[in-house]
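Please read the structure below before turning to the comments.
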Amino acid sequence: MKTLIIEDEYPAIERLKKLIQEVEPKMEILDTIDSVQAACAWFARHEPPELIFSDIQLSDGLCFEIFEALDIQCPIIFTTAYDEYAVRAFKVKGIDYLLKPIKKGELAAAIQKFYQMKPPLAPVDLQLQMVSLLQALQPQHPSYKSRFLVKGNDKLIPIAASDIAYCYTTQDIVYLVRHNGRKHAIDFKMDQLEELLDPAQFYRVNRQFLCQITAINQVHPYFNGRLKLLLSPAPAEEVIVSRDKAKPLKDWLGA
């Protein structure tokens with residue numbers, strides 16, 4: 001069986017070669033390639049192997065760039081130093097992996113899995129798995145609410161999240177206060193708003209107030225390790241941050 005190794009770390013290449021020879025001596029290693037560019041050039045000149053061992057992070061990018069650019073129709077066993085969370089994502093998608101440092105028993109099991117693949121994966125299935133794996137590797141950016149509809153004079157008014165100075169609750173009613181000082185009652189709980197608004201911009205400073213960073217004008221030391229915030233526009237009551245929340249708030253403001 002002919003195989004190809006795509007890996008940019010020399011010690012990892014030598015270890016994998018040694019283990020392959022111990023586990024499957026009949027396996028022929030056609031070549032070792034250390035970059036996306038070199039791999040694309042190699043496939044342009046050679047017939048594809050029966051199996052590929054590929055690291056994920058190469059010297060000039062992710063190996064997925066190879067599989068997106070070329071119509072590679074052979075199974076791939078990934079070798080990766082990614083943490084276990086990412087590795088679980090790979091496993092769910094149905095392509096095997098070896099977590100570095102590669103262990104002999106795990107390599108043997110991966111090769112055995114390859115032999116048991118009947119029928120072989122169709123090209124379209126391989127392509128779908130490549131796309132799924134690439135998506136699994138991308139940083140996941142949560143989607144936060146960008147605007148709210150509030151009632152005003154028998155009409156609905158759209159308000160951008162960036163226009164919110166802070167939200168506060170009093171007597172079980174939650175109000176949204178805009179930078180221009182206008183106040184609107186909204187049909188959300190404070191806990192819901194904390195989840196819906198981008199935490200890079202909004203912080204729950206206490207049980208009553210959820211503030212946008214641009215609305216915090218000054219931070220003053222207060223009694224017993226607490227903090228006092230001066231907001232703009234100024235609320236009717238003092239905004240006090242507990243001692244437990246004082247350091248996290250300062251860390252957030254200085255991030």
Side-chain angles (χ1 to χ4, degrees), residues 1-140:
M1 180 176 62
K2 297 180 180 180
T3 188
L4 177 70
I5 296 176
I6 303 176
E7 169 65 70
D8 66 343
E9 297 178 359
Y10 180 76
I13 293 172
E14 292 304 303
R15 178 176 176 79
L16 181 55
K17 282 182 175 180
K18 179 176 181 293
L19 291 176
I20 288 174
Q21 291 305 308
E22 292 177 5
V23 170
E24 185 52 80
K26 296 181 180 179
M27 185 175 289
E28 179 187 355
I29 299 174
L30 297 175
D31 208 344
T32 58
I33 301 169
D34 64 359
S35 69
V36 173
Q37 183 177 0
C40 290
W42 189 94
F43 281 104
R45 300 191 306 267
H46 300 84
E47 292 294 320
E50 296 170 86
L51 175 66
I52 296 173
F53 290 91
S54 180
D55 189 10
I56 291 172
Q57 186 71 54
L58 300 174
S59 59
D60 59 348
L62 294 178
C63 70
F64 296 104
E65 296 174 35
I66 304 167
F67 310 130
E68 287 182 321
L70 304 173
D71 182 20
I72 296 174
Q73 301 183 15
C74 61
I76 301 153
I77 296 175
F78 290 98
T79 59
T80 175
Y82 277 72
D83 62 27
E84 293 182 2
Y85 176 82
V87 165
R88 286 198 296 270
F90 303 161
K91 193 169 185 178
V92 167
K93 303 306 179 184
I95 296 177
D96 216 336
Y97 68 89
L98 297 171
L99 184 64
K100 294 179 181 178
I102 296 170
K103 298 179 177 60
K104 185 175 180 179
E106 293 176 353
L107 174 63
I111 292 174
Q112 184 62 29
K113 180 178 179 181
F114 163 73
Y115 283 134
Q116 292 173 347
M117 289 172 53
K118 295 181 179 180
L121 287 176
V124 65
D125 294 326
L126 283 170
Q127 182 65 22
L128 287 173
Q129 289 186 348
M130 291 301 103
V131 172
S132 296
L133 277 169
L134 185 58
Q135 290 174 345
L137 275 176
Q138 300 306 311
Q140 298 301 306

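Just so you know, these numbers come straight off a predicted model, no measurement behind them. All values below were derived from every heavy atom in this structure, side-chain atoms included, with hydrogens, water molecules and symmetry-related copies excluded.
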Closest heavy-atom pair and its distance - [X], [Y]:
X	Y	answer
I29	Q21	CD1-NE2, 4.2 Å
S54	I76	CB-CG2, 4.1 Å
D34	A38	OD1-CB, 4.2 Å
L30	P49	CD1-CB, 3.9 Å
I33	A39	CG2-N, 3.3 Å

For the [atom1] atom of [X] and the [atom2] atom of [Y], what is their distance to the nearest 0.5 Å?
X	Y	atom1	atom2	answer
I20	R15	CD1	CZ	12.0 Å
K17	M27	NZ	CE	14.0 Å
I66	I6	CD1	CD1	4.0 Å

Partners of E7 by salt bridge (Lys or Arg N to Asp or Glu O under 4.0 Å), sequence neighbours excluded?
K100
Salt bridge (Lys or Arg N to Asp or Glu O under 4.0 Å) filter on E22, not counting sequence neighbours, yields K18, K104
State, yes or no, whether a side-chain contact exists between [X] and [Y] at a heavy-atom distance under 4.5 Å.
X	Y	answer
E28	T3	no
C40	L70	yes
F114	E24	no
F53	L107	yes

How would you list, by chain and number, every residue that makes a side chain to side chain contact (heavy atoms under 4.5 Å, CB included) with S59, sequence neighbours excluded?
D8, S35
For D31, side chain to side chain contact (heavy atoms under 4.5 Å, CB included) partners two or more places apart:
L4, W42
T32 side chain to I5 backbone, donor-acceptor under 3.5 Å:
no
Residue pairs meeting salt bridge (Lys or Arg N to Asp or Glu O under 4.0 Å), one or both in residues 36-51, sequence neighbours left out, come to none
